[in-house]
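Below: the structure, in structure tokens.
Worth knowing before you read on, the calculation uses all heavy atoms, side chains too, and leaves out hydrogens, waters and symmetry mates.
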Amino acid sequence: MIKTIQITELTVGMYVESVAKQKGNVRIKTKGLIKSEAILVALESRGILEVEVDFGKSITPKNQTRDKTVQSHLAARSAHPESYSIETGTAAQNNGIASLVKETKLTNIINIGQHQEALKDADELYIQAKNVQKNFVSQLRSGSTPNIEHLNKLSRNIIDSVFDNADALSCLLMFKDSNEYLVEHAINCAILLAMFANSKGMSQAEVEDLTIAGLLMDIGMTSLPTNLIEKTSELDDADWKIMRSHVDIGLEIVERLDDARPIVLDVIANHHERINGSGYPKAKTASEISVYSQMAGIVDCYDAMISNRQHQRSVSATAALHQLEGDETLDRELVTEFINAIGLHPVGSLVQLSSHKLAIVSQRNVKQPLNPVVMIFYSMQTQLHTEIVRLDLSQSEDYILTGVKPEEFSMNLDKFFKSVFLPK
């Protein structure tokens, strides 16, 4: 539900769709979640009077009020309107208030240090997510019924991180451990579905359900024989029959849990169905498959393609997106929306530049998708690592030639990335 409210009613946790009324000409560049008290002060200080709030995407009760800290900031600004500094919360020389864009840790990166801090936060969440998912699976395999609230809490943390620093979080999707495919695949699908749903403007409830669905849609795989999951040769008909049973097993598992949500059950049952009837388990066609399950099917395919598995080598993110575009079993419009959500060159992917350098994509450029921000770290001419340089391709003559795989350069990208880009 979208409602216009006074700026004095705005609180942390509300999702701003647009400015409804203001003094002056300053505009918020993008809509987004209010993540801190400082941004409240900044909004009011720039003459914004009313905003449109989407309570469906907000994560705070409508009747929440501002705390005393914000009130003191506003009082200080009123007393010294020409010299008030948001950064310190005291009167100071006015250096100008930062452009009021959606507050994320990577929206306005000005140096590698800030990039590192955002990546560190995302890395800590990813590690936590793996531990939660492993524990959930371990409890299932032991025969006990795990507490779904642990996954609910994890999904909320993922959603919060997607709102806060989606670029940093999506960086980590590219770094895989083939020995933990099922755990990482579940987390990656949850992150991608949260990004996809958010990009489509879905409600907070839908985003939450799809994130949980990502964590659970292949949970039935944990009950299949290990030798089948780890099989390196091509699967035969008998293998596929067992493999496809994970859908029904997953439904049985989740239906035993206390909070079996309809969207989650739908996704588990139908994320392997395809619009032309070639999917399983019931060979449904487009009109029979919900948008949620079609989104999950796209995300499932994408993460599987960029992952090394026992029977399949990964492809680059760019190649995977090209394959999705040409896949007639997937809805083309939804595929396009997914690509728009994660970028033509997804954050975290390795790219080769026209300058014969290798770089990691670190930030999307919504207005110019072909020109993201990259971190250059390797010279193909000297075959040596270089000083890390942040380059906004929209401000440079350099450009991306192609997406590449680390294996092409005998590079352990995961190890290198974490040693260089994550603070110790």
**Report entry** Test item: Q133 side-chain N/O and L215 main-chain N/O as donor-acceptor pair under 3.5 Å
**Finding:** yes
Requested in this report: Apply side-chain contact (heavy atoms from CB on, under 4.5 Å) to the pair E184 and Y126, showing each step before the final yes or no.
Outcome: CA-CA 9 Å; E184 291 186 348; Y126 200 86; 3.7 Å; yes
Query raised in the report: Can you list the steps and then say if H185 with D300 is a side-chain contact (heavy atoms from CB on, under 4.5 Å)?
Result: CA-CA 8 Å; H185 180 63; D300 185 44; 2.6 Å; yes
Report task. Find out whether E52 and S18 are in side-chain contact, i.e. whether some heavy atom of one side chain is under 4.5 Å from a heavy atom of the other. Result -> yes
Query raised in the report: If we ignore angles and hydrogens, is there a donor and acceptor under 3.5 Å between the side chains of Q352 and T402?
Result: no
Query - Where V264 and D209 come nearest, the two heavy atoms and their spacing - result: CG2-O, 3.5 Å
**Report entry** Any donor-acceptor N/O pair, S138 side chain to N135 backbone, under 3.5 Å
**Finding:** no
Requested in this report: Considering only NZ, NE, NH1 and NH2 on the basic side and carboxylate oxygens on the acidic side, decide whether E206 and R261 come within less than 4.0 Å.
Outcome: no
Report task. Starting at CG of L216, measure out to CG of L151 and round the result to the nearest 0.5 Å. Result -> 5.5 Å
Query raised in the report: Is any side-chain heavy atom of T145 less than 4.5 Å from a side-chain heavy atom of L257?
Result: yes
Requested in this report: Starting from the C-alpha separation in whole Å, work towards a yes-or-no answer on side-chain contact (heavy atoms from CB on, under 4.5 Å) for V254 and L251.
Outcome: CA-CA 5 Å; V254 176; L251 281 172; over 6 Å; no
Report task. Apply the test side-chain hydrogen bond (donor to acceptor under 3.5 Å, both in side chains) to residues S316 and T318: give CA-CA distance (whole Å), side-chain angles for both, the deciding distance (0.1 Å), then the verdict. Result -> CA-CA 5 Å; S316 69; T318 304; 4.8 Å; no
Requested in this report: Flag the pair P346 / M195 as yes when at least one side-chain heavy-atom distance between them is below 4.5 Å, and no otherwise.
Outcome: no
Query raised in the report: Looking at side-chain heavy atoms only, is the closest gap between L235 and L228 below 4.5 Å?
Result: yes
Requested in this report: Please indicate whether K134 has more than 12 foreign heavy atoms, meaning atoms of other residues, nucleotides or ligands, lying under 6.0 Å from its NZ.
Outcome: yes
Report task. Please report the C-alpha distance between H345 and V374 in whole Å, then the side-chain angles of each, then the deciding distance to 0.1 Å, and finally whether the side-chain contact (heavy atoms from CB on, under 4.5 Å) criterion is met. Result -> CA-CA 10 Å; H345 299 289; V374 299; over 6 Å; no
Query raised in the report: Is the closest side-chain heavy-atom distance between T211 and L193 below 4.5 Å?
Result: no
Report summary line: Residues L169 and I158: closest non-hydrogen pair is CD2-O, 4.2 Å
Report task. Measure from the side-chain N and O atoms of D331 to the backbone N and O of L334, and report whether any donor-acceptor pair falls under 3.5 Å. Result -> yes
Query raised in the report: Of E288, K284, Q294, which meets side-chain contact (heavy atoms from CB on, under 4.5 Å) against E273?
Result: K284
Query - CD/E333: more than 12 non-hydrogen atoms of other groups inside 6.0 Å - result: no
Query raised in the report: Should we count CZ of R332 as having more than 12 external heavy atoms under 6.0 Å?
Result: no
Requested in this report: Answer yes or no: is there a side-chain heavy-atom contact under 4.5 Å between E180 and K130?
Outcome: yes
Query raised in the report: So do the side chains of I360 and Y378 get within less than 4.5 Å of each other, counting heavy atoms only?
Result: no
Query - Closest contact, heavy atoms only, P372 versus N365 - result: CA-CB, 4.1 Å
Query raised in the report: Roughly how far, to the nearest 0.5 Å, is CE of M202 from CD1 of I263?
Result: 7.5 Å
Query - Smallest separation among heavy atoms of H246 and M217, with atom names - result: CD2-O, 4.4 Å
Query raised in the report: How many angstroms lie between OG in S293 and CD1 in I298, if you round to the nearest 0.5 Å?
Result: 11.0 Å
Query raised in the report: Would you call V137 and I219 a side-chain contact if the rule is heavy atoms closer than 4.5 Å?
Result: yes
Query raised in the report: Just by distance, with hydrogens left out, do N188 and Y181 show a side-chain donor and acceptor under 3.5 Å apart?
Result: no
Query raised in the report: What distance do S314 atom OG and N308 atom CG have between them, rounded to the nearest 0.5 Å?
Result: 3.5 Å
Query raised in the report: Can you pull the ring-ring contact (aromatic ring centres under 6.0 Å, His included) pairs that have at least one residue in residues 313-340, sequence neighbours excluded?
Result: F196-F338, Y302-F338
Report summary line: Interatomic distance, NE2@H150 vs CD@Q139, rounded to 0.5 Å, equals 7.5 Å
**Report entry** Atom pair CG (L321) and CD1 (I339), whose distance is rounded to the nearest 0.5 Å
**Finding:** 5.0 Å
**Report entry** Minimal non-hydrogen separation, S349 against A317, with atom names
**Finding:** CB-CB, 3.9 Å
Report summary line: Residues D167 and R364: closest non-hydrogen pair is OD1-NE, 2.8 Å
